[in-house]
There are 2 protein chains.
Amino acid sequence: MRRRGHHTAPVFAALGDDTRWSILVRLGWEPASASELARELPVSRQAIVKHLEVLRTVGLVRTRRSGRSIVHEVEGARLDEVGRNLRGIAAAWDRRLEGIRSIAEERG
Amino acid sequence: MRRRGHHTAPVFAALGDDTRWSILVRLGWEPASASELARELPVSRQAIVKHLEVLRTVGLVRTRRSGRSIVHEVEGARLDEVGRNLRGIAAAWDRRLEGIRSIAEERG
DNA sequence: CGCATGTGCAACGCTGGAGTTGCACAAGGG
DNA sequence: CCCTTGTGCAACTCCAGCGTTGCACATGCG
């Protein structure tokens with residue numbers, strides 16, 4: 001199986017990393033460039049760049065040019081969408097849980 | 001930073017792995033022992049055991065003895081709790097998003 | 001224009017996590 | 001009681017992902 005497809009939700013993987021989470025939080029506060037982030041966070045610029053690439057891939061971050069630097073900012077819509085997805089999953093689990101409970105009860 | 005604390009949410013890491021997701025889904029359908037799961041899924045029993053350990057650690061799976069085998073089953077309450085947490089996070093993001101929007105708008 | 005600053009690219013190191021194999025031990029079931 | 005079946009433990013391989021460093025290239029600011 002060895003983590004190839006991640007058919008479940010690639011977003012979970014993105015959210016699973018601390019650094020990426022930090023970046024996301026930081027960008028949530030205010031848009032910034034890679035170099036800027038590299039100065040504020042305890043990781044190299046390249047690391048930041050790669051994380052931004054991941055975040056951009058899952059659609060959580062958007063890129064925009066400003067002057068000679070490239071500013072990255074949180075993609076509000078996608079953020080909201082992910083939120084809804086999470087809610088959906090929770091709801092599905094609730095339903096599944098309900099099912100499990102029924103079965104358990106009718107067996108008990 | 002190197003993924004040590006995972007202060008964000010250890011659950012995300014658990015949910016990020018495909019095999020673990022499969023196990024969880026399978027157990028959601030019906031409780032099973034490690035050997036049983038190993039027969040049904042394309043991974044060794046030991047791999048299953050380790051994944052179950054992880055799932056048990058984050059509280060998503062509960063363990064129970066039955067005959068000479070150890071049956072693992074989904075922890076309904078925890079499942080529900082995680083669902084609520086996810087909703088909470090989504091809500092927080094919504095609020096944050098709202099904040100970002102306000103700032104963006106007042107900046108013009 | 002030239003220098004400072006930002007980005008792009010490539011190669012590399014390192015660790016953790018996923019998975020495997022092999023064997024020893026435990027304990028019901030017949 | 002024995003043998004089948006299930007679990008426990010340990011050592012090992014493998015690799016994807018995080019992070020680094022070094023250098024080349026781009027570009028705007030003064």
Side-chain angles (χ1 to χ4, degrees), chain A residues 1-27 30-58 60-73, chain B residues 1-27 30-58 60-73:
Chain A
M1 194 134 286
R2 206 147 194 66
R3 62 169 62 253
R4 281 168 308 188
H6 258 307
H7 71 286
T8 48
V11 190
F12 282 156
L15 295 180
D17 184 77
D18 282 348
T19 303
R20 248 162 355 233
W21 182 269
S22 306
I23 293 178
L24 202 63
V25 170
R26 168 59 182 79
L27 289 183
E30 194 187 27
S33 72
S35 306
E36 223 165 335
L37 293 172
R39 271 184 242 113
E40 302 174 9
L41 297 179
V43 284
S44 73
R45 177 179 59 90
Q46 286 306 319
I48 300 278
V49 169
K50 292 180 185 175
H51 284 303
L52 284 173
E53 175 65 23
V54 174
L55 290 172
R56 207 175 55 79
T57 297
V58 299
L60 285 174
V61 158
R62 176 180 26 176
T63 273
R64 168 170 57 87
R65 294 203 60 95
S66 168
R68 84 178 112 190
S69 62
I70 295 184
V71 175
H72 306 270
E73 58 188 6
Chain B
M1 196 134 285
R2 205 140 198 70
R3 63 169 63 253
R4 282 169 307 187
H6 258 307
H7 71 287
T8 49
V11 190
F12 282 156
L15 294 179
D17 185 77
D18 282 348
T19 303
R20 250 165 350 235
W21 181 269
S22 307
I23 293 177
L24 203 62
V25 170
R26 168 60 183 79
L27 289 183
E30 193 187 27
S33 72
S35 306
E36 224 166 332
L37 292 172
R39 270 184 242 114
E40 302 173 11
L41 298 178
V43 284
S44 73
R45 177 178 59 90
Q46 287 307 319
I48 300 279
V49 168
K50 291 180 185 176
H51 284 304
L52 284 173
E53 176 64 22
V54 174
L55 290 173
R56 206 174 55 79
T57 297
V58 299
L60 285 174
V61 158
R62 174 181 25 177
T63 272
R64 167 171 57 87
R65 293 204 62 96
S66 168
R68 86 177 113 189
S69 60
I70 295 183
V71 176
H72 307 268
E73 59 189 6

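Numbered from 1 within each chain, the chains take letters A, B, ... in sequence-line order. Predicted model only: the values in this text are computed from it and were never measured.
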Find the distance [X]:[atom1] to [N]:[atom2] and express it as a whole number of Å.
X: B/Glu36; N: D/dT7; atom1: CD; atom2: P; answer: 9 Å
X: A/Arg56; N: C/dG8; atom1: CZ; atom2: C1'; answer: 14 Å
X: A/His51; N: D/dT20; atom1: NE2; atom2: C1'; answer: 12 Å
X: A/Leu55; N: D/dC18; atom1: CG; atom2: P; answer: 10 Å
X: B/Glu53; N: D/dC9; atom1: CD; atom2: C1'; answer: 13 Å
X: B/Arg39; N: D/dT4; atom1: CZ; atom2: C1'; answer: 12 Å
X: A/Arg65; N: C/dT5; atom1: CZ; atom2: C1'; answer: 13 Å
X: B/Ile70; N: C/dA27; atom1: CD1; atom2: C1'; answer: 11 Å

### Query
What do the steps show when you test A/Leu37 against A/Leu27 for side chain to side chain contact (heavy atoms under 4.5 Å, CB included), and what is the final call?
CA-CA 9 Å; A/Leu37 293 172; A/Leu27 289 183; 4.1 Å; yes

### Message
Side chain of A/Asp17, heavy atoms from C-beta onward: which of D/dC18, C/dT7, D/dG8 has the nearest atom to it?
### Response
D/dC18

### Query
Given C/dG19, C/dA10, D/dC18, which nucleotide is nearest the side-chain atoms of A/Gln46?
C/dA10

[atom2] on [Y] to [atom1] on [X], rounded to 0.5 Å:
X: A/Glu36; Y: A/Leu41; atom1: CD; atom2: CG; result: 11.0 Å
X: A/Gln46; Y: A/Leu52; atom1: CD; atom2: CG; result: 11.0 Å
X: A/His51; Y: A/Asp18; atom1: NE2; atom2: CG; result: 9.5 Å
X: B/Thr19; Y: B/Leu24; atom1: OG1; atom2: CG; result: 12.5 Å

### Task
Rounded to 10°, tell me the angle between the two end axes of the helix from C/dC1-D/dG30 to C/dG30-D/dC1, each built from five pairs.
30°

Quiz question: going by heavy-atom distance under 3.5 Å, is there a donor-acceptor pair between the base of [N] and the side chain of [X]?
X: B/Arg68; N: D/dT4; result: yes
X: B/Arg45; N: D/dG8; result: yes
X: A/Lys50; N: D/dG19; result: yes

### Query
Phosphate oxygens OP1/OP2 of D/dC18: is one of them under 4.0 Å from a side-chain N or O of A/Thr19?
no

### Message
Considering every strand and a 4.0 Å limit on heavy-atom distances, what is the contact class for B/Ser44: base, sugar-phosphate, or nothing?
### Response
base

### Message
Tell me if a side-chain donor or acceptor on A/Arg56 pairs with a main-chain N or O of A/Leu60 at a distance below 3.5 Å.
### Response
no

#### Entry: Flag, side chain of B/Arg45 to backbone of B/Ala38, donor-acceptor distance under 3.5 Å
no

### Task
Using heavy atoms to find the nearest nucleotide of DNA chain C for B/Gly67 and B/Ala47 separately, return the residue whose nucleotide is more 5′.
B/Ala47

